[in-house]
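For reference, the structure is listed below as structure tokens.
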Amino acid sequence: MAGRRKENDREELKLRVVETASKSFMTLGIKAVHMDDIASSLSISKRTLYELFGDKEELLLEVFRFYRHCMNEYMQEIASSANNVLEVILTFYERKFNELCSVNPLFFRDLRKYSKVLDYIHDDRRRGDADALAYFQKGVE
């Protein structure tokens with residue numbers, strides 16, 4: 001029982017780190033955010049942070065995975081209550097547009113340094129494009 005609670009606490013802390021890092025990266029750019037800054041803002045040691053995420057790239061990759069998970073949940077929620085496919089598509093693009101407007105352009109420039117993250121983004125985009133095509137075809141039908 002104590003082991004399970006400890007694992008839950010660890011997962012909760014990881015989520016807090018990812019959320020904090022995500023906000024910082026989007027606001028300031030990736031390069032401007034240091035692991036020390038993230039640890040300090042959460043009142044945890046840098047060692048704890050590195051035990052959770054081996055390096056900044058691993059943390060950034062987890063930020064993108066978390067974003068994808070949240071977007072998938074959001075889209076399922078929208079799709080379940082939408083009247084038609086077009087409503088879902090427009091809602092998706094509206095959200096993406098609003099998100100992109102709030103991201104510091106330095107974030108995108110800084111991404112070039114992280115090849116594992118770029119590979120993840122490209123793979124995710126290919127999957128997303130295939131899903132979108134299937135959804136568009138469903139709308140046509």
Side-chain angles (χ1 to χ4, degrees), residues 1-140:
M1 180 91 168
R4 177 189 252 167
R5 179 172 177 169
K6 193 172 189 176
E7 185 61 32
N8 287 342
D9 290 347
R10 180 179 169 85
E11 289 304 312
E12 184 180 311
L13 179 57
K14 281 181 83 166
L15 180 59
R16 285 180 37 225
V17 169
V18 167
E19 289 172 340
T20 299
S22 177
K23 290 174 189 169
S24 297
F25 291 153
M26 301 296 176
T27 304
L28 303 170
I30 302 163
K31 186 177 180 180
V33 178
H34 302 279
M35 295 295 266
D36 284 336
D37 301 330
I38 296 167
S40 294
S41 69
L42 292 166
S43 300
I44 62 173
S45 71
K46 194 162 72 167
R47 177 182 173 164
T48 299
L49 181 57
Y50 279 107
E51 287 174 356
L52 295 171
F53 303 97
D55 59 19
K56 193 179 206 179
E57 185 168 29
E58 187 179 325
L59 175 55
L60 184 59
L61 187 56
E62 196 59 36
V63 164
F64 274 93
R65 286 181 181 135
F66 177 71
Y67 172 78
R68 169 55 44 213
H69 172 76
C70 291
M71 182 58 87
N72 286 343
E73 284 186 349
Y74 174 75
M75 291 307 297
Q76 287 174 359
E77 181 182 317
I78 295 302
S80 69
S81 64
N83 295 321
N84 58 57
V85 172
L86 187 57
E87 185 179 338
V88 175
I89 293 168
L90 291 174
T91 301
F92 169 77
Y93 282 112
E94 180 181 28
R95 178 174 170 158
K96 290 294 280 185
F97 176 77
N98 290 332
E99 287 173 352
L100 288 173
C101 287
S102 67
V103 176
N104 186 328
L106 293 175
F107 174 82
F108 298 107
R109 186 201 68 196
D110 296 344
L111 266 176
R112 290 181 283 181
K113 179 181 176 191
Y114 300 96
S115 61
K116 290 178 189 173
V117 175
L118 290 174
D119 290 343
Y120 175 82
I121 292 169
H122 291 127
D123 289 344
D124 187 58
R125 182 172 291 152
R126 278 191 285 278
R127 285 188 303 269
D129 289 349
D131 292 345
L133 180 59
Y135 212 74
F136 282 124
Q137 289 172 336
K138 181 180 176 183
V140 169

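Predicted model, so just to flag it, every value in this text is computed and none were measured.
- The shortest distance between side-chain heavy atoms of L52 and E58 does not fall below 4.5 Å.
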Go through the steps to decide whether Y120 and R125 satisfy the test side chain to side chain contact (heavy atoms under 4.5 Å, CB included), and finish with yes or no. CA-CA 8 Å; Y120 175 82; R125 182 172 291 152; over 6 Å; no
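- At a threshold of 4.5 Å between non-hydrogen side-chain atoms, the residues D37 and L28 do not count as touching.
- L111 and V117 make their closest contact through CD2-CG1, 3.8 Å (heavy atoms, listed as atom of the first residue, atom of the second, distance).
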Does the side chain to side chain contact (heavy atoms under 4.5 Å, CB included) test come out yes or no for M71 and M75, once each step is laid out? CA-CA 6 Å; M71 182 58 87; M75 291 307 297; 4.1 Å; yes
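- With contacts defined as side-chain heavy-atom distances shorter than 4.5 Å, the pair L106/I30 does not qualify.
- K116 has no carboxylate O lying under 4.0 Å from a charged side-chain N of D119, or vice versa, which leaves the two without a salt bridge.
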Assess whether side chain to side chain contact (heavy atoms under 4.5 Å, CB included) is satisfied between L49 and F53, documenting all intermediate values. CA-CA 6 Å; L49 181 57; F53 303 97; 4.1 Å; yes
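- The CG atom of L100 sits 9.0 Å away from the CE atom of M26 when rounded to the nearest 0.5 Å.
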So R47 and E51, side chain to side chain contact (heavy atoms under 4.5 Å, CB included) or not? Walk me through it. CA-CA 6 Å; R47 177 182 173 164; E51 287 174 356; 3.0 Å; yes
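- E12 contributes no side-chain N or O that, together with a main-chain N or O of N8, makes up a donor-acceptor pair within less than 3.5 Å.
- Annotation: the span from I78 atom CD1 to E94 atom CD amounts to 9.5 Å, rounded to 0.5 Å.
- With rounding to the nearest 0.5 angstrom, the CZ atom of F66 is 7.5 Å from the OG atom of S22.
- Counting heavy atoms from C-beta outward, R68 and F64 have side chains that stay 4.5 Å or more apart.
- Contact of the I89 side chain with the V85 side chain is registered, since non-hydrogen atoms from C-beta on lie closer than 4.5 Å.
- The distance from the OH atom of Y114 to the CD1 atom of I121 is 12.0 Å, given to the nearest 0.5 Å.
- T27 places no side-chain N or O within donor-acceptor distance of the main-chain N or O of S24, the cut-off being under 3.5 Å.
- Ion pairing between K31 and D110 fails under the 4.0 Å rule for side-chain N and carboxylate O.
- Listed for the R95 side chain is no donor-acceptor partner under 3.5 Å among the backbone atoms of F92.
- Put simply, the side chain of K23 never gets that close to the backbone of V18: no donor and acceptor are under 3.5 Å apart.
- A79 and V88 get closest at one heavy-atom pair: CA-CG2, 3.8 Å.
- D124 is not listed as a side-chain neighbour of Y67, based on a closest heavy-atom distance of 4.5 Å or more.
- Distance alone, capped at 3.5 Å, is enough to place a donor-acceptor pair between the S41 side chain and the I38 backbone.
- Within the 4.5 Å cutoff, the side chain of H69 has no heavy atoms near those of the R65 side chain.
- For the pair E57 (side chain) and S115 (backbone), a donor-acceptor distance under 3.5 Å is present.
- Salt-bridge check for E19 with R16: failed, with every basic side-chain N at 4.0 Å or more from each acidic carboxylate O.
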